[in-house]
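Counting starts at 1 for both ligands and their atoms, in listed order.
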Amino acid sequence: MTHVVTENCTGCRFTDCVSVCPVSCFHGDDERLYIDPIACIDCGACKPLCPVSAIVEDIDLDNDQWLDVNAEKALALPVVRTKQTPLPGAEARRDVITGNA
Ligand code: F3S
């Protein structure tokens, strides 16, 4: 069991999630983050902190696409442990996703 970062993170990269992860299981590229399913202890602390609801439990996925992407990317990318500046346009994207635009 693991949590998974899904499409809504792309272009946002708010990184509120990383500050509460007790096992540093978030990895990232320039566009978004991914969760290492081996390291994740499924605590769920990150999920309510994401402004765009990008983090879901694997049991709630419609298919394994995002589970596979997270596992593959996390292996190849550096760990992200500290909150960073969101990507340009992240707030506008959040407002569209949350229906506040
Ligand atoms: Fe992405 Fe949400 Fe974390 S936008 S970086 S999963 S807080």
Side-chain angles (χ1 to χ4, degrees):
M1 304 296 285
T2 182
H3 280 61
V4 176
V5 184
T6 60
E7 177 62 26
N8 284 1
C9 183
T10 307
C12 290
R13 212 179 188 283
F14 280 103
T15 62
D16 299 82
C17 52
V18 305
S19 60
V20 297
C21 181
V23 293
S24 300
C25 68
F26 286 91
H27 297 246
D29 57 22
D30 292 341
E31 292 295 318
R32 49 164 290 151
L33 298 190
Y34 308 88
I35 290 174
D36 176 352
I38 305 298
C40 177
I41 59 172
D42 220 24
C43 70
C46 57
K47 185 177 174 183
L49 294 185
C50 179
V52 290
S53 302
I55 302 171
V56 301
E57 293 183 63
D58 59 355
I59 57 172
D60 292 330
L61 292 168
D62 292 334
N63 62 60
D64 288 343
Q65 177 204 357
W66 283 116
L67 185 59
D68 293 344
V69 168
N70 276 247
E72 291 170 14
K73 292 286 191 176
L75 276 178
L77 293 166
V79 173
V80 179
R81 290 187 175 84
T82 56
K83 167 90 175 137
Q84 299 175 0
T85 303
L87 295 177
E91 284 79 9
R93 182 167 155 74
R94 175 200 58 207
D95 289 346
V96 170
I97 290 170
T98 60
N100 291 323

Quick one: nearest non-hydrogen protein atom to atom 3 (Fe) of ligand 1, plus distance? C17 SG, 2.3 Å

If you count heavy atoms of other groups shown closer than 6.0 angstrom to NZ of K47, is the number above 12? yes

Taking atom CZ of F14 and atom CG of N8, what is their separation to the nearest 0.5 Å? 10.5 Å

Can you find a non-hydrogen atom of L33 under 4.0 Å from ligand 1? yes

Just wondering, are more than 12 heavy atoms of other shown residues or ligands nearer than 6.0 Å to CG in N100? yes

Mark the output for R32 as yes if a heavy-atom distance to ligand 1 is under 4.0 Å, and as no if none is. no

Interatomic distance, SG@C46 vs CD1@I55, rounded to 0.5 Å, equals 4.0 Å

Ligand 1-proximal atoms of N8, by part, heavy-atom distance under 4.0 Å: neither

Value for SG (C17) from CG (L49), rounded to nearest 0.5 Å, stands at 8.0 Å

Do me a favour and list the nearest non-hydrogen protein atom to atom 5 (S) of ligand 1 with residue, atom name and distance? T15 N, 3.2 Å

Of all the non-hydrogen atoms in the protein, which one sits nearest to atom 2 (Fe) of ligand 1, and at what distance? C50 SG, 2.3 Å

Using 2.8 Å as the threshold, say whether any N, O or S atom from C9 sits that close to atom 1 (Fe) of ligand 1. yes

